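Have a look at the structure below, then the notes.
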Amino acid sequence: MSSAKNITQINGAVNGKTVAILGGVHGNEFCGVKAIDYLRTHLRLDSGTVYLIYGNPLAIENGVRFTEMNLNRAFKEDRNLTDSEKNSYERKRALEIIPYLEQCDAVLDIHSSNSLTSTPFVICEQKSFFIAERMPFSIRSYGWDSIEPGGTDYFINKRGGYGICIECGSNNDPNAYDLALNAVDIFLLTLGLKKGKLPPINKKQKEVLAKSIYITKKNFKLAQQFSDFEKLSKNQLIGYDGDKEIFAESNDVIIVFARNRANPQEEAFILGRTK
Ligand SMILES: [Zn+2]
């Protein structure tokens, strides 16, 4: 085991795939941070290499989501970042992490939610379904790379690898941590870094295509609280952008990550469709 830059390298006895597991890309999501703490001392591999990465050390230390920009949007090309984003702590941290990701065949990025109740789900593109479909999440959601680029999963997907982001539910739910460690196991088993019996395909897992993201023009106030993956009805009021009412346009739409926002150009919510 070797450690530097809040990144720990663990090797199996023989060669195999190289993967990264991240926690704390959002510093206040301590489920993933706890998972990395545990894995640093307990993870044993049969083959290959794992990089265990504390995503955003400064935000973790301060218990905040991020300090200057969302690290989960900082793994983009320079030309797609503003000058202030390029100079941010998070972009510098992304540039520290990128050389490790460049060696990886796959990435598992562990997130959780600060809302009191939250449905756990997995985000990945269709090419990674062979890993996600065995994980104990009721929903797998794809289509995010085009509407929300810049995470570690986006970065690895573009390089031809397998990027998976797991949302393990509420930070306060003790199951979130168990779910994260369970998903890590399945990730490593499926990719052959650990030997053992794979759990069967989770046939109850539903697919949700993320279709669009709403970016604020002024500021955004939700008309009500929405749970992730809540179904909307046609013409249902979602919220107000400044004074403008924003409605759901059709019946078969679900909403994810709906948040009040104070400023223009912020991400207010995502709309998707169940398959
Ligand atoms: Zn997060």
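We count ligands from 1, going down the list as the structure has it; atoms in each ligand are counted the same way. This one's a predicted model, so the numbers in the text were calculated from it and none came from an experiment.
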Identify whether the distance between the nearest side-chain nitrogen and carboxylate oxygen of Asp252 and Arg273 falls below 4.0 Å.
yes
His111: which N/O/S atom is nearest the Zn ion (ligand 1)?
ND1
Examine Tyr142 together with Phe129 and report whether their ring centres are nearer than 6.0 Å.
yes
Would you say Glu167 reaches the Zn ion (ligand 1) with an N/O/S atom under 2.8 Å?
no
Can you tell me which N/O/S atom of His26 has the shortest distance to the Zn ion (ligand 1)?
ND1
So the ring pair (Phe, Tyr, Trp, His ring centres under 6.0 Å) pairs with at least one residue in residues 81-104 (sequence neighbours excluded) are Tyr51-Tyr100
Which residue is it: Phe226, Phe229, Phe220? I am looking for the one with a ring pair (Phe, Tyr, Trp, His ring centres under 6.0 Å) to Phe269.
Phe220
